[in-house]
Amino acid sequence: MTASVLYQSSAGVATLTLNRPDVLNAMNADLMRELREGVDRAAADAEVRAVLITGAGRGFCAGADLAARQAGGNGLQDSGQMLRERYHPVILALRQMPKPVITAVNGVAAGAGMSLALAGDVVLAGRSASFLQAFSKIGLIPDAGSTYFLPRYAGEMRARALAILAEKIDAEEAHRIGLVWKVHDDAALQDEAGKLAQHLATMPTAAYGMIKEALNQSFGNDLAAQLEIEATLQSRASRSEDCKEGVAAFVEKRKPQFKGR
Ligand code: T3D
């Protein structure tokens, strides 16, 4: 049976490719289980220092598999239960993983597929990619993190309009409003994403983990509390092997050799 998520690990980079191209990588039970297994595997593997998520075919991910849902094939009657069991562990694992995660949005990212795209630390998009908060078109509300990511990245007015109007926006617009870091030509996207992931895999991984930890807490804190988190994490970062190496390499005017710890 064909895997719904392809996992490939090389040169410190784990690449997870959503692999149901006929349905624009819509999320059925198998895909979500395999995605979770892949994310957990990448998180646990010390050799992996960067993670790249992309889609096979012309789509990134069209969100929940509506045909499976209609046929009762999602296996879980209650949507809330399904989200808690299948989607939340993936989104949380990506944000909490102490390694950088790149999402390379190669085509349409709709519904929870858009949430997945936004869960990346660095979101790249192909020029023909598009983003759609499809939920309200079918009487649902944004889930899998969209109500968290959208107001934080794009601002509250845009979050409200995107969720309520459910208008598809293109990659340039997504970039303009802060949902995407960089847009690449379609033909160059996978190459650029791979090069970036490989570069990140040679950088100070432990510091990246702490950057994520600090930013994950930022919006819940006032300035004093956030300054304290920075100080605590900086104590740890400054004692790391990679910090010693980074400073020594700067002073010695050479390229640092980071080990990720
Ligand atoms: O209870 C719960 O389920 C809670 C969880 C919710 C999470 C969610 O994500 S809800 C939102 C679910 N997603 C959608 O509503 C998006 C539905 N899809 C679309 O609106 C469009 O397909 C797209 C805008 C994404 C792309 O349009 P287009 O014209 O480029 O492609 P297409 O022709 O519509 O789709 C191509 C094929 O993929 C097509 O199959 P076919 O006709 O060639 O056999 C289409 O049916 C299939 N497909 C697309 N999206 C889904 C899908 N099949 C199942 N589920 C999908 N979400």
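For this chain, numbers begin at 1 and follow the sequence in order. All ligand and atom numbering here is 1-based and tracks the order in the structure. Treat the numbers as computed from the prediction; the structure is a model and nothing was measured.
Judged by the shortest distance from any of its heavy atoms, K137 lies outside the 4.0 Å radius around the atoms of ligand 1. At a 4.0 Å cut-off, at least one heavy atom of M82 sits close enough to ligand 1 to count as contact.
With atom 15 (O) of ligand 1 as the reference point, the heavy atom nearest to it among L140, L66, L24, N25 is part of L66.
In this structure, a donor-acceptor pair under 3.5 Å is absent between the side chains of E47 and S9.
Listed by atom number, the atoms of ligand 1 under 4.0 Å from G63 heavy atoms are 9 (O). Near L132, the atoms of ligand 1 lying under 4.0 angstrom from a non-hydrogen atom of the residue are 24 (C). Listed by number with element, the atoms of ligand 1 under 4.0 Å from a non-hydrogen atom of F135 are 7 (C), 8 (C), 9 (O), 10 (S). Within ligand 1, the atoms closer than 4.0 Å to a non-hydrogen atom of R69 are 1 (O), 2 (C), 3 (O), numbered from 1 in the order shown. Numbered from 1 in the order shown, with element, the atoms of ligand 1 that lie under 4.0 Å from a heavy atom of A112 read 7 (C), 8 (C), 9 (O). Those atoms of ligand 1 that come under 4.0 Å of a heavy atom in D22, given as number and element, are 37 (C), 38 (O). Numbered from 1 in the order shown, with element, the atoms of ligand 1 that lie under 4.0 Å from a heavy atom of A64 read 3 (O), 6 (C), 7 (C), 8 (C), 9 (O), 12 (C), 55 (N), 56 (C), 57 (N). Proximity to A134 (heavy-atom distance under 4.0 Å) selects the following atoms of ligand 1: 14 (C), 15 (O), 16 (C).
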Worksheet item: Checking salt bridge (Lys or Arg N to Asp or Glu O under 4.0 Å) for the pair E37/R33: CA distance, chi angles, key distance, verdict?
Response: CA-CA 6 Å; E37 286 167 1; R33 181 178 40 75; 3.7 Å; yes
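F149 pairs by the ring pair (Phe, Tyr, Trp, His ring centres under 6.0 Å) definition with Y153, not counting sequence neighbours.
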Distance-only check: which donor-acceptor pairs under 3.5 Å involve side-chain atoms of residues 112-131, not counting sequence neighbours?
unit_1 : atom_1 : unit_2 : atom_2 : d
S115   : OG     : D143   : O      : 2.6
S115   : OG     : S146   : OG     : 2.7
D121   : OD2    : V101   : N      : 2.8
D121   : OD2    : K212   : NZ     : 2.8
R127   : NE     : D185   : OD1    : 2.7
R127   : NH1    : E172   : OE2    : 2.5
R127   : NH2    : D185   : OD1    : 3.1
S128   : OG     : D186   : OD1    : 3.3
S128   : OG     : D186   : OD2    : 2.8

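Polar contact check, R58 against ligand 1: a nitrogen or oxygen pair lies under 3.5 Å apart.
None of K259, R261, R254 except one satisfies the salt bridge (Lys or Arg N to Asp or Glu O under 4.0 Å) rule with E245; the exception is R254.
With N106 contributing its side chain and G55 its backbone, the two residues share a donor-acceptor pair below 3.5 Å.
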